[in-house]
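Read the structure below first, then the notes.
Since we're looking at a predicted model, the values are computed, not measured. Only heavy atoms go into these numbers, but all of them, side chains included; no hydrogens, no water, no symmetry mates. Numbers for residues simply follow the sequence, beginning at 1.
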Amino acid sequence: MKTNKFVFNVEESGFAAGGNGIDILNITPGLQVNNEQISMIGKSGLGVMVDGRLLKLSGDELTSFLKNLKADDIKSIEVISNPSAKYSAEGNSGLVNVVMKKNKGDFWRLNVSNTFQQATKSQNTTSLNFNYKKNKISLYSGLSYNYGKYIGEEYSDVHYPLSFWNSTTNSTYTNNGLSAKLGLDYDINKNFQVGFFYTGSYSKPVTENNDYTKTTVNNIAENYDTYGLTDKKRNFNSFNLHAVNKLDSSGIVMNTDFDFFDYTDRSDRTFDAYLNSKPISTKSNINNSTQSIKNYSLNVDVEHPTKFTKLNYGGRLSFSDTSNELYADINAVGFSQNDLFKYKENTQALFLSAEKELGKKWSTELGLRWENTQLEGNSISLQEINKKNYSKLFPTFYLTFTPTKNHSLSFQYGKRIGRTGFSNLNPFRVYYSPFSYWEGNPNIMPSYTHNIELNFVYKGILQSVLSYQKTSDAFAGIVLLNSNDQTQKITQLNYADTESYGFRQTYVYNKKKWMKAYVTGYAGYQIANSKIAPLTPEKVEGTYLNFTLNSSFTLSKKTNAGFNFSHRLAAKSLDLVYNEPNTMLSLFFQTTLWDKLNMSVNINNLFREYVFNSTSERNGYPTSTHGYFDSRYIRLTLSYSFGGNINVKNRENKNLEEQNRTN
């Protein structure tokens, strides 16, 4: 536990074996994963990095990327609640850095692994990784294929003034994806290194939905059945060219990165709707869309030590171009749309930070980041062009007091910005059923968050954190209800200004060689003042309590087992809903067979808890919703390695802020 970040040692966690990046983040103290959405406990936003590079993915693409990271290859998780000016200001409430294992020396290594997971349905992932280093050349590569299915169950009720609406949706999700990576680093001399890094994926996920809706008006019931099929094709390619140049003997180092990524998502959805077992229309309802995103960025970062202070300064240029095509013919409701929406976003940034030791016990760091952004949205069919330009400053401040080697106290402040995903800006409608559709909002504005923390660390085993967070113009997907036709519209809105006060306590137990454990408790008070009342309640406030216990037991030199337990009390949340209590219990067992063959068994969500379970009020109507997505499973992983270790240099992609907003 350090003054400016919490470090979770994944290598010491038995649950890592056979798991993936999502699994590890789910058991990291201070983090929570709900419905595969990652957040810091008590906070409303998060950016995810891998080896210091910010992932520019969100939604399904972020989940898919993290699932493709093998937990066995992850060294640690760094939870950075107040990032410095060096980092992009993106990410409302901080960053999580996934640190991959690095190996030294001239070696080659080949690792083959297979993971089989059985829930209601089964999934299988096969991975092959090859790394090579000889003298000045480092080569690293990987290939992974995933295929399988899982189910989803969603239930919702809405109490209108004169009617009652009940819906049950059963879904089957099919994963079918191939991902690859290839990188090369070359040391021209001891002061100059160059290289490139490529990551890519191609997937064809398929979703089958069966929605059963019952409406009751004046004791007369009507049944609507919707059978839908969504067929997607996704392509993602990311390239990074980089150079590291030590300018002189004084320690000045300049890092230069040029990045490009290209993302394409083709979605074809059809559904048939029935009223009391009779077709509503003679033709299938069609929703087809294609999203294409390209981004170029250039980043320069200079580390400049001086006699007085350690300076870090640089700048960044980013250019994003998004094209979205949509065709909709929803016969069931008489809606049709054919449009092309183009969106451009360009950002320029400069930053400067200075770190200074103030004697033996005190240190401080001041930072300032400036970001200037130009936006342009163009709806071709509507002939509407919206342009925006805004420029903001993002200060950071750290003050640390270390009276002894066993005690550390730090004060931290930082300002952050949150930007919505690119697709949420599209003014299109995507129908899931005759009663439910999603619609983008090109007028959504960024949110801004101020974070303050007081952090105390004792002997690396005890951490106490007092925190305060204030966010203006918080945005999220809001469900809007219409009592006249009982439709549900889901759209992005700047819905509230929020505040949260919190206290987090973490204790690490490591007194016994055969047992390691950590306990984390969080208590907070949250306030959300709505900006869209009466669509939502004017104000929601209340306490938030969360407790986690994770323990690992060493059974022999080659075998260990353990459990992960968490409990969240019922609470009102910052997104203006009331969440029911949630209890999660997972078990793991891992062992090494024949030296190089590793086997692990994981049992997840033993109690089969809902992924989400909440009640809320929309337009004055009480609603409830809960869902489950095959999170109770047993997983078996076998992994075999050939050769020795290799020095893998995972490079920092600088345009991943934009990638993080594809969905």
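A donor-acceptor pair under 3.5 Å is absent between the side-chain atoms of Asn441 and the main chain of Leu425, judged by distance alone. Not a single donor-acceptor pair under 3.5 Å links the side chain of Thr400 to the backbone N or O of Ser410. At least one donor-acceptor pair under 3.5 Å links the side chain of Thr404 to the backbone N or O of Asn406. Checking side-chain atoms of Arg416 against main-chain N and O of Ser88 turns up a donor-acceptor pair under 3.5 Å. Looking at Asn424, its side chain never comes within 3.5 Å of a backbone N or O of Gly440 through a donor-acceptor pair. Remark: side-chain polar atoms of Tyr398 are paired, donor with acceptor, to backbone N or O of Asn82 under 3.5 angstrom. No donor-acceptor pair closer than 3.5 Å links the side chain of Asn378 to the backbone N or O of Tyr343. In this structure a side-chain-to-backbone donor-acceptor pair under 3.5 Å is present from Asn494 to Met445.
Ring orientation note: the planes of His450 and Tyr413 are close to parallel, at an angle under 30° on the 30°/60° scale. Ring planes of Phe261 and Phe236: tilted class, angle from 30 to 60°.
Applying the side chain to side chain donor-acceptor pair (under 3.5 Å) criterion to Ser84, with sequence neighbours excluded, gives no partner residue. Every residue two or more places apart in sequence or in another chain that forms a side-chain contact (heavy atoms from CB on, under 4.5 Å) with Asn135 is listed here: Asp106. Scanning for ring-ring contact (aromatic ring centres under 6.0 Å, His included) contacts around Phe351 gives an empty result, with sequence neighbours left out. Partners of Tyr313 by ring-ring contact (aromatic ring centres under 6.0 Å, His included), not counting sequence neighbours, listed by chain and number: His304. Scanning for side chain to side chain donor-acceptor pair (under 3.5 Å) contacts around Asn235 gives an empty result, with sequence neighbours left out. Residues passing the side chain to side chain donor-acceptor pair (under 3.5 Å) test with Thr364: none are found, sequence neighbours excluded. Taking Lys294 as the reference, Asp262 meet the salt bridge (charged side-chain N to carboxylate O under 4.0 Å, His left out) condition, with sequence neighbours excluded. Tyr640 is linked by a ring-ring contact (aromatic ring centres under 6.0 Å, His included) to Phe642, counting only residues two or more places apart in sequence or in another chain. Applying the side-chain contact (heavy atoms from CB on, under 4.5 Å) rule to Thr309 yields the partners Thr306, Leu311, Ala354, Lys356; only residues at least two apart in sequence or on another chain are considered. Here Tyr390 pairs with Thr373, Leu375, Lys392, Ile417, Arg419, Pro446, Tyr448 under the side-chain contact (heavy atoms from CB on, under 4.5 Å) rule; sequence neighbours left out. Contacts of Ser464 classified as side chain to side chain donor-acceptor pair (under 3.5 Å), with partners at least two apart in sequence or in another chain: Gln505. Shown here are the ring-ring contact (aromatic ring centres under 6.0 Å, His included) partners of Trp370, two or more places apart in sequence or in another chain: there are none.
Contact between Ser472 and Asp497 at its shortest, heavy atoms only, is CA-OD1, 3.3 Å.
A side-chain donor from one of Ser144 and Ser127 sits under 3.5 Å from a side-chain acceptor of the other.
By the neighbour-count criterion of 12 heavy atoms within 6.0 Å, atom NZ of Lys388 is densely surrounded, having more than that number from other residues, nucleotides or ligands.
The only member of Asn346, Asp259, Asn295 that meets side chain to side chain contact (heavy atoms under 4.5 Å, CB included) when paired with Ser318 is Asn295. Screening Gln348, Lys387, Lys344 for a side-chain hydrogen bond (donor to acceptor under 3.5 Å, both in side chains) involving Gln374 leaves a single residue, Gln348.
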